[in-house]
Amino acid sequence: MLMRAWGSDLSGRALGALARADLEVAVRNAGRDGLVNVDFGAVHSIGSSFADECFGVLVRQMREEGLRTRLRFTAANDEIVAVLKFVLAQPAGDTRATAAG
Amino acid sequence: MRSRTPVLTVSITVLRMLVIEIAGPRNSRNVASMYAGLAPLRDAAGRVDLRLDLSNLTFVAPCAIAALAVALHDAARGCDVHGTIVQPRDPNVKRYLHVMDFYAVLGMEPTGQWSRPDRHGYMPAVRVSRDDPHAVPRAARGLTDAVVDGCELTDKAARTLQNSIEELIDNTQQHSQSPVDAVAVAASWRTRRRIELAVADAGIGIPASVGLNPLFADRPERHRMRAAVERWVSGTTDPNRGNGLWQVRELLQRNEGTLVLQSGGIRLTADENGVNLSDVRPILGTLAIMQFNMDIPVGLVDLLAAQTQEPVDDFIEFDTWGGG
């Protein structure tokens, strides 16, 4: 999956949702245990909202299928890596927000 | 004899300062008090001739441009506005409004001749479409590039700025339910090493948005406003949402910057001294203001790395580092 198809600066949940649809196709095409290659060549930056909407949401949806271990990110700069790690390190299903305080 | 459709004429004169309380003296003529002048537009259905007289204007705050533009677009939703602006007599203010794309973002034509001056060191005002998925990155990159061009920012500072702009704009697109496009405006002061960004929308406001989350539905508005800048708090039931405002607040607080969020009559101010709430004169929708220190020691990567406790390298494969 070539992320540059969505632009050199990837941000916003609306754009992330569109990219996620592409990612779902790539995951399907990779088969049940296949690696999914996500290429960040020519991408300058990624926002955490975009990353969560594109990768985080799908990883949580496909937790049972172990998608998180099947993603292979290439050509990502240091900042993109930091954002991806931040988003993908979030375990699914926690109810963190409380109204106390 | 054919009957003529009556034309409503609305005339608004801005005295001296175009500000909101955040950016000007408390007793100044401000955007909040101009909402009353826009009221006739809200009930109008046909053609409205709107005359905005700025001839006496001597000072304009960037955040006031965003707030006024959104208020004007919202008030004019149901009518056909033909607007003219009487330009400021002060040549510096006149030039500044052109540089900031003030007329374009209002969708009104100034009277008289004018030419576009260089905008070195300033950024234009931009409308952020509610429906265009590319609007967020386009606006954030455009505003950031303009600042970087004028202010000699480090890459780290520029990326942190761009990311914060993205999050604020994305918030309006995702949560505000604004019936009109949001407006983002930014300006820089090179000698003070400060950047100010303002994003205004005409939406339901932060407390109402957070109240859509059942966890916060029965909480007072001030509580919801305060909670909005904490991590994992959003107006959705998704427990993984709610990083955007938290991230912006953290970055600004750690870098001697200031975040101001105002929805209705509640204002939240976050700076290195903490987070404070105050009651103020109400405005339409939400106005978010970010005052940024250009010499930014804490970047986005630093902040996120400190929060990423799980050793993700164990299960995620990153093939090429330093590319992109």
Side-chain angles (χ1 to χ4, degrees), chain A residues 3-4 6-19 35 37 39-50 52-53 56-57 60 66 68-101, chain B residues 131-138 140-141 144 156 159 162-163 165-167 169-171 173-174 213 215-219 223-224 226-227 230-234 238-244 247 299-305 307-313 315-324:
Chain A
M3 295 307 293
R4 65 173 174 267
W6 300 100
S8 60
D9 294 284
L10 307 176
S11 62
R13 287 195 176 267
L15 191 60
L18 291 178
L35 283 175
N37 190 58
D39 184 344
F40 279 93
V43 174
H44 176 249
S45 68
I46 186 171
S48 55
S49 294
F50 175 97
D52 184 61
E53 193 64 42
V57 167
R60 292 191 291 273
R68 199 161 67 157
T69 59
R70 292 165 50 202
L71 294 173
R72 179 172 173 269
F73 298 103
T74 61
N77 63 33
D78 290 347
E79 189 193 284
I80 292 173
V81 169
V83 172
L84 291 171
K85 285 183 176 180
F86 172 73
V87 166
L88 294 173
Q90 297 178 22
D94 291 357
T95 303
R96 301 180 183 86
T98 68
Chain B
D131 308 316
D132 180 1
H134 292 276
V136 174
R138 190 165 53 232
R141 184 60 188 264
T144 306
K156 182 179 181 178
R159 276 298 305 130
Q162 182 177 340
N163 189 271
I165 295 173
E166 287 167 358
E167 294 300 337
I169 296 175
D170 192 45
N171 255 12
Q173 202 179 50
Q174 288 291 310
N213 182 338
L215 284 171
F216 294 90
D218 61 352
R219 290 286 166 164
H223 180 96
R224 289 186 230 149
R226 177 63 184 82
E230 295 304 324
R231 200 172 177 199
W232 313 123
V233 175
S234 78
D238 184 343
N240 293 285
R241 297 281 290 269
N243 284 314
Q247 194 173 294
L300 179 66
V301 172
D302 307 317
L303 175 67
L304 298 189
Q307 297 292 325
T308 307
Q309 293 167 354
E310 196 180 2
V312 289
D313 290 334
F315 57 82
I316 299 174
E317 190 175 347
F318 294 98
D319 223 27
T320 306
W321 296 69

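Lettering follows sequence order; numbering is per chain, from 1.
- Closest non-hydrogen pair, A:Leu15 versus B:Pro137, comes out as CD2-CG, 3.9 Å.
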Evaluation steps, side-chain contact (heavy atoms from CB on, under 4.5 Å), between B:Gln174 and A:Ser49: CA-CA 10 Å; B:Gln174 288 291 310; A:Ser49 294; over 6 Å; no
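- Side chains of B:Gln162 and A:Ser11 form no contact here, defined as non-hydrogen atoms less than 4.5 Å apart.
- Looking at A:Glu79 and B:Lys156, their side chains never come closer than 4.5 Å, going by heavy atoms from C-beta outward.
- Pairing each heavy atom of B:Gln247 with each of A:Phe86, the nearest pair is OE1-CE2, 4.4 Å.
- For the residue pair A:Gly47 and B:Asn163, the shortest heavy atom distance occurs at CA-ND2, 3.7 Å.
- The part of B:Asp238 that comes within reach of chain A is its side chain, from C-beta onward, which places non-hydrogen atoms under 4.5 angstrom from that chain.
- For the atom pair A:Ile46 CD1 and B:Leu300 CG, the distance stands at 11.0 Å (nearest 0.5 Å).
- With hydrogens and angles disregarded, a donor-acceptor distance shorter than 3.5 Å links the side chain of B:Asp170 to the backbone of A:Arg13.
- For the residue pair B:Val301 and A:Ala82, the shortest heavy atom distance occurs at CG1-CB, 3.9 Å.
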If you apply the rule side-chain contact (heavy atoms from CB on, under 4.5 Å), what do you find for A:Ser45 with B:Arg159, and how did you get there? CA-CA 8 Å; A:Ser45 68; B:Arg159 276 298 305 130; 3.2 Å; yes
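- With contacts defined as side-chain heavy-atom distances shorter than 4.5 Å, the pair A:Val87/B:Asn243 does not qualify.
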